[in-house]
Every structure is written in structure tokens, then in C-alpha cells.
Amino acid sequence: MTPPPGSVEEARLLLASELEEAVREAAARGGLLPADVQGLRVRWLGKKQGVVTALLTRLRDVPKDEKAAFGAGVNALKQEAEERLARLEAEAEARAAAAAEAAKAVDVTLPPRAFPTGRLHPLTVVRRRIEASFRGLGYEVADGPEIESDWYNFESLNFAPDHPARDAVDTFFVKGGGEGRDALLLRTHTSPVQMRTMEGRKPPIRVLCPGRVYRKDDIDPRHSPVFHQMEGLVVDEGITFAHLRGTLAAFARSFFGGRAEVRLAPTFFPFVEPGVDCAVSCVFCDRKGCRICSYSGWIEIMGAGMVHPNVLANGGIDPERYTGFAFGMGIDRIAMLVYGIPDLRLLFENDLRFLDRTW
Amino acid sequence: MKLRLEWLGSYLPGPLPGTDELGTRLTKAGFIVEGVEGNGPGACLEVEMTANRPDGMNHRGLAREASAALGRPFADPGPGRLAEGGRPAAELATVTIEEPSLCSRYSARVIEGIEVRPASAAVRERLEALGMNPISAPVDATNHVLWDIGQPLHAFDLDSLAKGPDGKPAIVVRRARAGERLVTLDGVERTLTPDHLVIADAVRPVALAGVMGGLETAISERTTRVLLESAHFDPGVVRRTARAMGLHTDASHRFERGTDPAATVDGLERAAALIVADCGGTVARGVIDVVAREVPRPRVRLRHARLEAFLGMPIPLPRCVEILRALQFEVTEAGPGVLEVIPPTWRVDVGLEVDLIEEVVRIVGYDELPEVLPHAFNPTWTEPTLAREERARDVLSGAGFVETCTYSFVSSEENAPFAGGAPGTPAEVANPLGEPFTTMRATPVIGLLAAARHNARRGQPDLLLFEVGRSYGMAGTAPRESRRATLLLHGRRQVHWSVEPRPVDFHDGSGAVAALFAGLGAPAPAFRPAAFPFLSPGRSARVVSSNGEDAGWVGVLAATVAARYDLTEAVVADVDLARIDVVPPPTTLEAPSRFPGSDVDLTVTHRLSLPWSDLVSAATAGAPPELLGVDARYLYRGPGVPDGFVKTTLTLRFGSAERSLSREEVNGWRDEAARRLLALPESRVDGF
Ligand SMILES: [Zn+2]
């Protein structure tokens with residue numbers, strides 16, 4: 001250790017050189033630690049043997065007229081030592097804290113701990129998207145039974161008991177029902193909900209009827225004995241055929257994108273008159289023609305029409321005063337379209353690798 | 001349905017229309033042209049025919065539509081004058097209609113002295129183009145007329161018909177008698193009932209009316225005398241007869257949908273002309289034309305203002321008249337802006353004003369309709385069952401479950417173990433696709449099990465699955481449907497390198513059910529020990545809502561059932577959404593107490609058979625309102641605890657909204673709780 005300094009000025013130079021030397025020397029091992037700085041503090045400011053304390057004890061020997069200047073010099077030195085040591089202390093503590101944190105490091109590239117992420121089924125996601133498009137137009141959502149009577153599924157909807165229109169819908173019957181209109185069956189469309197809604201409520205009516213329906217089809221990539229429909233019904237005074245077209249066009253733009261157009265063509269369903277086949281312009285090829293639209297530029301997405309006066313009357317609504325329209329689409333088919341699902345069976349197989357992707 | 005261009009053209013004077021334009025215009029008018037086969041005059045259009053337009057299912061009929069759609073004239077050259085000779089037909093056969101409601105008209109002609117030969121090349125070419133095999137000139141003539149003008153005909157060998165009391169071969173339109181038999185043209189012997197309408201001779205049925213003729217009375221090479229039948233039958237009886245026999249013919253297809261009651265004689269004339277042209281012979285004088293009943297023709301009023309209001313689009317009255325007349329409707333003006341319209345006899349689908357509006361707008365074209373939205377509408381109502389289903393989906397998927405979609409039908413064998421868990425008896429499909437689809441499921445859990453098996457077999461055994469769907473049953477003759485939230489947990493939880501995974505257990509299942517209740521805003525349910533044949537005894541519970549209602553079940557699947565699905569220790573639950581005692585959303589949210597609460601523990605050693613719910617009851621019975629809840633903190637079995645016993649540490653949570661609680665009063669309440677716990681059979685409380 002260097003000999004004790006003879007003057008305040010010497011002590012000052014020594015302080016600077018010792019601290020700088022300590023920092024320089026510690027640099028190789030990562031810098032001063034709090035204990036190192038504590039050692040320096042004892043040497044310079046220690047109550048017993050500290051350099052500054054030692055200088056102060058020499059105040060007695062200083063001539064009287066120099067006492068004040070000497071005292072001030074020592075005090076300045078003490079303050080400087082305090083400041084420099086405090087700075088080193090703060091640095092050393094920050095260094096120590098950083099080292100302690102570094103010791104807790106983990107491999108952040110390891111697989112994260114899984115929080116189970118549930119999923120909604122693609123059919124739920126698509127149904128909700130369709131519902132959202134129509135809710136924006138003021139529709140409510142209605143519901144009804146799946147095991148229905150012949151009356152609600154067919155006869156009240158203008159399917160006469162022996163009408164060939166029934167050939168288009170192969171029906172599952174349920175044991176234990178009555179005869180004729182009381183026969184029990186699995187509903188082949190959600191139109192019975194429309195009838196029940198008309199019976200239960202007065203116009204204005206603006207409802208969606210989503211749900212599970214059944215047809216006696218063998219299972220293959222495009223057919224399933226169980227599938228899902230979304231029907232809609234609007235009944236009010238002054239509802240027009242043009243309103244039907246406007247509504248289908250608004251839905252197409254909301255669901256398929258702003259450039260989608262609809263094309264309507266006449267067709268026949270017993271419960272509407274006139275009946276409509278509705279196609280939407282192919283959003284995949286912009287009507288240029290592609291595999292998805294069978295190179296026609298149009299994709300048939302739903303049936304629709306003006307509610308038949310007999311159906312309104314069966315629902316207890318005066319067909320002279322009120323008019324209405326109805327439409328219906330297959331949710332499964334639209335899901336296949338929007339997700340590019342090649343095989344309907346995937347929707348019922350419930351393979352996690354398939355279901356994990358929906359949102 | 002296939003139709004030939006040159007044949008259509010025979011009703012459209014002038015050059016043949018191009019198939020492209022014809023296809024587009026017909027499609028816009030409601031006859032969807034799905035494709036064109038071949039080219040030139042022999043090109044065939046494939047047209048989709050809707051069930052309401054039997055009048056379009058022949059060349060003349062579709063040509064009428066084409067004429068209106070293309071704005072071209074239509075001309076029917078007609079059957080021409082038939083050369084008659086020999087005896088009057090009325091002396092050669094008798095026709096009687098016994099069922100006027102089922103057969104309004106029966107027209108017949110007799111041709112004598114024919115020699116059965118093949119039809120002319122022109123007729124054969126047309127039939128072959130439509131996919132039919134020519135048979136003989138008389139039979140081909142009837143088919144030609146069916147495809148020409150839509151009138152189905154039948155040709156009998158007159159000499160094979162049994163004679164009636166008047167000595168003439170008899171034709172009787174009547175219901176079959178029970179047990180009567182008939183061998184039809186396809187060689188099948190059929191047993192008949194009075195539900196079936198037949199053509200009979202004096203002694204036996206000789207044809208299924210409107211469906212198929214009999215073999216014994218059919219035209220053969222030896223036939224020299226023919227009786228041609230051209231009738232109008234009730235659609236319903238033809239359909240019932242055809243379906244009962246499992247038959248579907250070109251004739252029944254048209255009769256079922258409705259034929260033109262006025263076309264019977266027209267059809268006869270055309271067929272007779274073809275037969276004598278190819279087979280020689282003489283057409284007996286006159287038509288035997290029995291009209292049992294006039295088919296009424298509707299007169300329909302069309303209000304022009306109503307048409308425009310209904311469509312939301314202006315169409316000038318003269319344009320409406322023009323369209324209806326082009327379609328051969330009789331139109332007269334019944335007043336200012338009001339038309340009286342009589343549809344042509346072949347338009348069996350038109351009877352209401354709205355039908356006429358459709359006729360006008362489909363010829364104008366749906367493309368002309370403006371796109372207009374109805375006035376704004378503010379929904380005021382939500383279906384509570386659906387809202388609850390949707391909320392359940394969100395809660396369960398948010399809790400980490402994956403939503404599935406499974407078939408509603410299952411095999412009766414799969415359903416059987418679960419049948420007791422659902423109300424009523426199983427609902428069974430009367431005409432199922434096959435064995436796996438015979439019964440409506442008693443619970444969606446059956447579908448979840450199949451989904452779990454599917455995934456487990458593909459190396460994905462760790463599963464949290466749910467389905468919000470229905471269960472089905474019958475209460476007598478009334479169907480019962482119930483909205484369920486169902487869960488399946490299988491395999492391991494917490495699969496991660498950092499911890500030891502653990503298998504799912506009962507408490508995961510009850511936890512998920514509790515989360516569902518909480519997510520729906522219902523008080524926590526109770527889980528009461530209960531036995532179900534499909535659940536493991538001792539690890540199964542009934543879910544009970546706070547209002548005491550039975551809301552379903554949860555438990556570990558019985559090993560026998562699990563084995564059927566190649567699963568081990570699956571936890572399943574089925575909750576009746578309607579029985580969850582949902583409380584309405586709060587109308588006020590209270591601030592939490594500002595005073596700190598105080599938790600104290602009690603450790604009880606008790607028999608394993610003593611359920612937790614009894615400990616809670618003992619701890620809370622008579623406790624002050626400051627006791628906010630009781631939690632299970634720790635369960636210990638092992639050294640220091642006798643066999644058959646368990647050491648349970650309960651945490652009692654005390655607190656008050658009004659004040660801080662003193663150590664002394666909390667300890668006092670704790671001691672009271674400890675004394676109540678001590679009173680439980682064979683229980684000890686540490687420190688007491
Ligand atoms: Zn496309």
C-alpha cells in the first residue's frame with residue numbers, strides 16, 4: 001500500500017488513482033463487486049484507519065491561520081470520496097443484481113407449457129358468421145324440434161299428402177307417431193320453425209331458423225343423412241319480391257365480400273311462390289370460372305321465394321294483408337365452400353387435426 | 001329430362017333456335033338447361049324439370065315455354081284428319097268409369113287389321129335419341145305421343161280383353177278388389193288392394209291405371225286389333241299405386257304431377273295416325289270418349305296494382321297481358337287494372353293470383369328486379385334456449401374443450417347402456433339407413449365416445465371434447481328432445497416436459513361441469529353420489545342444481561362401456577341445459593368489503609366414507625353470516641392416519657362487509673365449528 005499522503009492535494013490524487021486502478025483491475029473479472037467497493041470505503045472513509053479520518057487527526061498540527069483552509073480541503077476530499085464511492089457502489093449493486101437475474105435464465109426456445117385452447121366446430125363458426133350477417137339486418141334467431149309431425153314438416157308448408165314434391169325429400173320416419181299429418185318424422189328442413197314462428201307471433205316477423213335436418217341419403221363425400229340448415233323468414237305488410245333480392249344481395253356482400261353479386265332464377269318449392277334459386281358470383285375466380293364454380297362463374301348457395309299464401313294462412317296470417325319471403329341454405333355446404341373442405345364427412349369425423357384449425 | 005332440338009323446332013316456325021340462346025332463355029324462365037348433347041337439329045337439351053310443371057315435360061309443352069321466353073311464335077300443326085272406316089268403335093268395345101273422382105275421362109280408339117311392324121325410321125330415331133329402345137310401331141307410337149304432347153297412352157290387344165254381357169270387349173276403370181292379381185309388363189305378378197286403381201276387362205285387371213299395362217293384354221306380334229287408351233287420372237291415386245308397387249314409369253311420372261284433362265283425344269289421334277302409317281289397318285269410326293266428370297277450370301283475378309306492389313317493380317299492364325297470352329292464358333279485362341285469367345288446361349299448377357304474378361315475372365326475368373332492403377327493424381326478442389346453448393359453447397371452448405359434431409342416430413346397441421340416463425323410451429327410426437343409424441341417441445356422449453375412439457386410434461388419446469346438442473326420446477307417442485351440454489375427458493392432463501402428466505379423473509369432470517354452471521351464471525351445483533349402469537360405481541355423481549333440480553350426471557365411464565370404444569378411464573358428463581338454474585345477469589355490482597377477512601384452518605381425521613359435503617354441512621350449520629365459505633385445503637392419507645381414514649384440512653373463510661373481525665371472535669367461531677366436526681362419527685379434530 002502506498003504511504004499515507006502528506007497533504008490534502010496528495011490525498012486527492014491518490015484517491016483518483018486508487019479508484020481508477022481498482023476499476024481497471026476488476027474489469028477482467030466483470031467489474032467491481034459490492035464487497036470490493038466496501039473495502040475501498042473502509043480504506044478511505046473508515047472511522048478508525050480511513051485516509052480521510054487520518055488527515056483530520058492532523059488538524060491539530062496545522063498552524064492556526066491555515067486550520068480553516070485545511071479543514072475545508074479535507075471536507076471537500078471527504079465529499080468527493082463519498083460521491084465517487086457511491087457511484088461505484090451503485091454500479092456494483094446493479095452488476096450484482098444483473099448477475100443474480102442472469103442466473104435465473106431459461107431456454108426460451110423450449111416448448112411452452114400448453115394452456116388448452118378449445119375450439120368451436122367449423123359448422124358453429126360458419127353458422128355464427130351467417131347469423132351475424134343477418135343480425136345486422138335486424139333478424140332474430142328462432143328454434144324448434146327436430147322430431148316433427150308431417151303437418152309441420154310437409155302439409156302446412158303446402159306439400160299435399162300425395163304430392164310428388166315429396167319425392168325430392170327422402171324422409172326418415174320415427175316410430176310411435178300417428179297417421180297422416182300426425183306421423184312423426186325427422187324434419188327435412190328447418191321450415192317447420194317458420195310455421196311455428198308464424199303461429200306463435202304476429203308480424204312483423206324477421207327470423208333466422210338454424211338447425212339440424214335429416215334426409216335419407218347414403219353417406220358419401222357430398223351427402224350426409226344429418227346436415228344443417230339456415231333458413232330465414234320475413235313477414236310484414238308491404239314485403240316485396242325486390243326486398244328478397246335486396247336481402248340476398250346484402251347477405252352475399254356481407255358474407256362473401258363487397259363485390260359479390262347474386263343471380264336469381266325461377267324454380268319450384270311448394271311453400272313459396274314465386275320460387276327462387278339463388279347463386280352468388282364466384283369469389284374464388286371473380287366470375288372467370290374455376291373448379292369450385294364448375295367453370296360457370298356462379299355458385300348456387302340457396303333456395304328462396306315469396307311465402308306461399310297457403311302457408312301464411314296455415315300460420316294464421318292473412319295473406320291479403322301480409323306478404324313475406326323465405327330463404328334457406330345448407331350451413332355444411334357453405335362451410336365446405338369457405339374452408340375448401342373436400343369431403344362432407346370430415347365435418348362429422350371430429351378428428352382433432354381437423355378441428356384444431358378453426359377459428 | 002332430355003328433349004330434342006328439331007322436335008321442339010317442329011312447334012316453332014322458322015329457323016331452329018340456337019341451343020345457347022334457347023338454354024339461357026329457358027333457364028331464366030324456370031326450366032334449367034343443364035347441358036346440351038350433340039349439335040345440329042339432333043342436339044338434345046338436358047332440362048331440369050320441377051315437379052309443378054308436368055306440362056313442360058314434352059316437346060310441345062317446352063316449345064310453348066320457349067316461344068314465350070324467346071318472343072317467337074308458336075304453332076301446333078295438330079294431329080291432322082284421321083281417315084276412319086269400317087265399324088264404329090262403339091260397337092267394338094265398351095268403356096265404363098266406376099270411379100269418376102279418380103278418372104275424369106277415358107278416351108279410346110280401335111284400329112283393326114294391323115300387322116305389327118317396327119315403327120318408321122323417323123319415330124325410332126327420335127325415341128333412340130331420348131334413350132329408349134324401339135319395340136314395335138304400336139308401342140312406339142304411344143311413347144312418341146307421350147314425348148310429343150305429354151299424354152301417356154296405352155295400347156291393348158283388343159282380342160285379349162274379356163267380353164262383357166253386351167258381347168263386346170270391356171274396359172272398366174275401377175278400384176282393384178282385395179287379392180286380385182295382375183302380371184304387369186315387367187313380368188312381375190302383383191297382388192292388388194282397393195287402394196289401387198286398375199283398368200279391368202269384364203273379369204280381371206288388365207293394367208295398373210296410369211302406371212303400367214298387363215302382360216297378357218299387351219301388343220304382341222300376332223295382334224291385329226288394337227284398343228288405344230288415352231285417359232286422365234287423379235294424380236294422387238296414380239302416385240299411391242305406383243309407390244305401393246315400387247314402380248316409376250314415364251306415364252306415372254306425368255300422371256302424378258297432373259296431365260292435361262283436355263288432351264286425351266289429341267293424343268289418340270296422333271298415335272292412331274302413326275300406327276296406321278306403319279302397320280296398315282283401319283281406324284274404327286269415332287272415339288269412345290267417356291267423360292265422367294268435368295275438371296273445373298279456375299278463373300283467376302289479377303290486380304295489376306297488387307302485382308306491382310308484390311314484386312316491388314313496375315311492369316306495364318299491356319306487358320303482363322302480352323306475357324300471359326304468349327303462354328296461352330285466356331285474358332279478359334274485368335275492370336280498371338283488373339284482369340280475369342283462365343289458365344290453359346295443361347297448366348295444372350296455376351290457380352291463384354300469385355301464380356299469375358310468377359308467370360309474368362319469370363318471363364320478364366328475375367334479373368330485372370331491383371335490389372331493395374325492407375325498412376329497418378329492431379329485434380326485441382331472443383330465444384332463451386339458443387342463447388344458453390351458445391353461451392355453453394363459448395364457456396366450454398374457453399375452458400379448453402374442442403367442439404364436435406356427431407350424428408344424432410346411433411345403433412340400438414350403442415344406445416342401450418345410456419337409455420336409462422334419458423327420459424322416456426328410445427326414439428327409433430322407422431326406415432333407417434342401416435344398423436348404425438337406427439336409434440335417436442339418448443345422449444350426445446355416445447357420439448363423443450366414437451369421436452374419442454377415432455382420435456385415440458390416430459395417436460391422439462389426450463382429449464377434451466364437447467358437444468352441445470340434443471338427446472331424444474319418446475314419452476308415449478310424444479317425442480321428447482332435451483338440450484344437453486356433454487363432455488368427454490380422456491388421457492392425460494398437463495402434458496409438458498416440466499411436470500409429470502397425470503391422468504384425467506372424476507374431479508376434472510366435475511370441475512368442467514362446475515365451470516359450465518359458473519359460466520352460465522348459475523350457482524355452483526352439488527355432486528351427489530349416484531349409480532348409473534354406464535358409469536363406474538363410486539366415481540359417478542348426479543349433478544344437482546342449487547334449486548334441487550336433477551341437471552344430469554358426471555363420472556368415469558364403466559370399464560365395459562369404455563372397452564367397446566377402446567378407451568381407458570374416460571370421464572364423461574351430460575348436463576341438461578334447461579335444468580341449470582341460471583340467474584339473470586346482476587343489475588347491481590357490489591363493491592367488495594374494504595375490511596380484511598380472516599382464514600383459519602381445522603384438520604379433521606375421519607372415515608373415508610364420510611363425504612366432504614358432510615364436513616361442509618357440519619362446519620357451516622349454525623355458523624354466523626361472517627363464515628363466507630369452506631374450502632378443502634389438503635387431504636392426507638399415510639403414516640399416522642389409520643387405515644380407512646383420511647386427514648382433511650379445511651379452511652374456514654371469515655369476513656364482514658361492515659367491520660374488521662377480532663382474533664377472539666374468529667377463534668370462537670372456529671372452536672364452535674371444531675366442536676360440530678368432532679360430533680361427526682369417529683372424527684377427531686387436531687388441537688381439540
Ligand atoms: Zn369460380
Side-chain angles (χ1 to χ4, degrees), chain A residues 110-111 113-114 116-121 123-124 138-143 145-147 162 164-165 168 172-178 184 204 206 212 216 218 225-226 234 236 239-243 245-247 249-250 264-268 273-274 276 309 323 347-352 355-356, chain B residues 27-30 50-52 236 239-240 256-257 310-313 352 354-355 358 361-362 366 369-374 376-379 381 383 385-386 393 396-405 407-408 427-431 433 437 451 454-455 460 464 470 472 474 477 479 481 496 498:
Chain A
L110 275 171
R113 186 168 291 130
T117 44
R119 298 281 176 188
L120 292 173
H121 194 275
L123 289 172
T124 298
Y139 285 70
E140 302 157 328
V141 185
D143 192 26
E146 292 172 16
I147 303 179
D162 280 309
F172 287 115
F173 290 92
V174 174
K175 290 181 189 169
L184 289 179
R206 203 174 289 195
R212 200 167 254 231
K216 200 177 169 187
D218 283 313
V226 178
V234 172
D236 202 351
I239 292 295
T240 70
F241 201 22
H243 287 146
R245 184 182 167 117
T247 298
L264 310 188
T267 192
F268 170 69
E273 181 80 334
V276 171
T323 49
L347 291 170
F348 297 91
E349 200 174 65
N350 300 304
D351 194 307
L352 280 190
L355 296 178
D356 262 354
Chain B
T27 298
K28 280 184 190 294
T50 54
N52 62 327
R239 182 174 156 85
R240 285 190 295 274
E256 283 177 13
R257 284 158 178 74
F310 184 88
L311 294 177
M313 163 171 79
L352 301 173
V354 69
D355 298 329
E358 183 191 31
V361 71
R362 76 182 173 88
Y366 289 4
L369 282 167
E371 287 181 7
V372 185
L373 281 176
F377 185 84
N378 193 15
W381 164 84
E383 172 68 47
T385 53
L386 285 178
R393 288 189 179 93
L396 292 172
S397 61
F401 285 78
V402 174
E403 188 182 19
T404 65
C405 179
Y407 289 134
S408 315
E428 288 176 90
V429 180
N431 56 336
L433 273 181
F437 310 110
H454 173 94
N455 283 293
Q460 303 165 140
L464 299 178
R470 301 187 194 190
Y472 311 83
M474 295 291 290
T477 57
E481 292 177 39
H496 192 246
S498 62

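Chain A is the first sequence line, chain B the second, and so forth, proteins listed ahead of strands; every chain is numbered from 1.
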Which atoms of A:Leu184 are under 4.5 Å from chain B, going by heavy atoms: the side chain, the backbone, both sets, or neither?
side chain
Pair count under 4.5 Å, heavy atoms only, with chain B: among A:Pro204, A:Pro274, A:Ala142, highest is A:Pro274
Please classify the contact between A:Thr267 and chain B as side chain, backbone, both or neither, with a heavy-atom cut-off of under 4.5 Å.
both
Taking all non-hydrogen atoms of both residues into account, name the closest pair between B:Ala427 and A:Val174 and its distance.
CB-CG1, 4.4 Å
Heavy-atom distances under 4.5 Å only: say whether B:Met474 touches chain A with side chain, backbone, both or neither.
side chain
Criterion side-chain contact (heavy atoms from CB on, under 4.5 Å) on B:Val372 and A:Thr240, from CA distance to verdict
CA-CA 9 Å; B:Val372 185; A:Thr240 70; 5.5 Å; no
Checking A:Asp218 against chain B: side chain, backbone, both or neither under 4.5 Å from a heavy atom?
both
Can you tell which part of B:Arg239 gets under 4.5 Å to a heavy atom of chain A, answering side chain, backbone, both or neither?
side chain
Under 4.5 Å from a heavy atom of chain A, the part of B:Leu433 involved:
both
Contact winner vs chain B - A:Pro111, A:Gly178, A:Gly177, heavy-atom pairs under 4.5 Å:
A:Pro111
Looking at side-chain heavy atoms only, is the closest gap between B:Ser397 and B:Glu403 below 4.5 Å?
no
Taking the side chain as every heavy atom from C-beta outward, state whether B:Val429 and B:Phe437 have any pair of such atoms under 4.5 Å apart.
no
Against chain B, work out which of A:Asp236, A:Thr124, A:Thr323 has the most heavy-atom pairs shorter than 4.5 Å and name it.
A:Thr124
Looking at B:Ala29, is its backbone amide N or carbonyl O close enough to the side chain of B:Arg362 to form a donor-acceptor pair, meaning the two atoms are under 3.5 Å apart?
yes
Between B:Pro479, B:Pro374, B:Ala51, B:Gly30, who has the most heavy-atom pairs with chain A when the cutoff is under 4.5 Å?
B:Pro374
In the structure I gave you, are the side-chain heavy atoms of A:Pro225 and A:Phe348 within less than 4.5 Å of one another anywhere?
no
Structural part of A:Ala250 lying under 4.5 Å from a heavy atom of chain B
side chain
Please look at A:Pro309 and chain B and tell me whether the side chain, the backbone, both or neither of the residue comes under 4.5 angstrom of a heavy atom of that chain.
side chain
Which bit of B:Glu256 is near chain A, if near means a heavy-atom gap under 4.5 Å: side chain, backbone, both or neither?
both
Turns out that what part of B:Asn431 lies under 4.5 Å from chain A's heavy atoms comes down to both
Between B:Tyr407 and chain A, with a heavy-atom cut-off of 4.5 Å, which part of the residue counts as in contact: side chain, backbone, both or neither?
both
Can you find a heavy atom in the side chain of A:Pro266 that is under 4.5 Å from one in the side chain of B:Tyr366?
yes
Tell me which of these, B:Thr385, B:Asp355, B:Thr477, has more heavy-atom pairs under 4.5 Å with chain A than the rest.
B:Asp355
Are the side chain of A:His121 and the backbone of A:Leu347 linked by a donor-acceptor contact shorter than 3.5 Å?
yes
Do side-chain atoms of B:His454 reach the backbone of B:Ala451 as a donor and acceptor pair under 3.5 angstrom?
no
So, the part of B:Thr27 with a heavy atom under 4.5 Å from chain A: the answer is backbone
Flag the pair A:Val226 / A:Arg212 as yes when at least one side-chain heavy-atom distance between them is below 4.5 Å, and no otherwise.
yes
Please confirm whether the backbone N or O of A:Ile147 pairs with a side-chain atom of B:Glu481, one donor and one acceptor, at under 3.5 Å?
yes
Does the side chain of A:Val141 reach to within under 4.5 Å of the side chain of B:Glu383, using non-hydrogen atoms?
no
Begin with the C-alpha distance, continue with both residues' side-chain angles, and end with the deciding distance and a verdict on side-chain contact (heavy atoms from CB on, under 4.5 Å) for A:Arg119 and A:Leu352.
CA-CA 10 Å; A:Arg119 298 281 176 188; A:Leu352 280 190; over 6 Å; no
Segment of A:Leu123 engaging chain B (4.5 angstrom heavy-atom cut-off):
side chain
I need the residue from A:Lys175, A:Lys216, A:Arg206 with the largest number of non-hydrogen atom pairs under 4.5 Å to chain B.
A:Arg206
Can you tell me which portion of B:Leu311 sits under 4.5 Å from chain A's heavy atoms? Options are side chain, backbone, both or neither.
both
Winner by heavy-atom pair count (cut-off under 4.5 Å) against chain A, out of B:Cys405, B:Ala376, B:Ala430:
B:Cys405
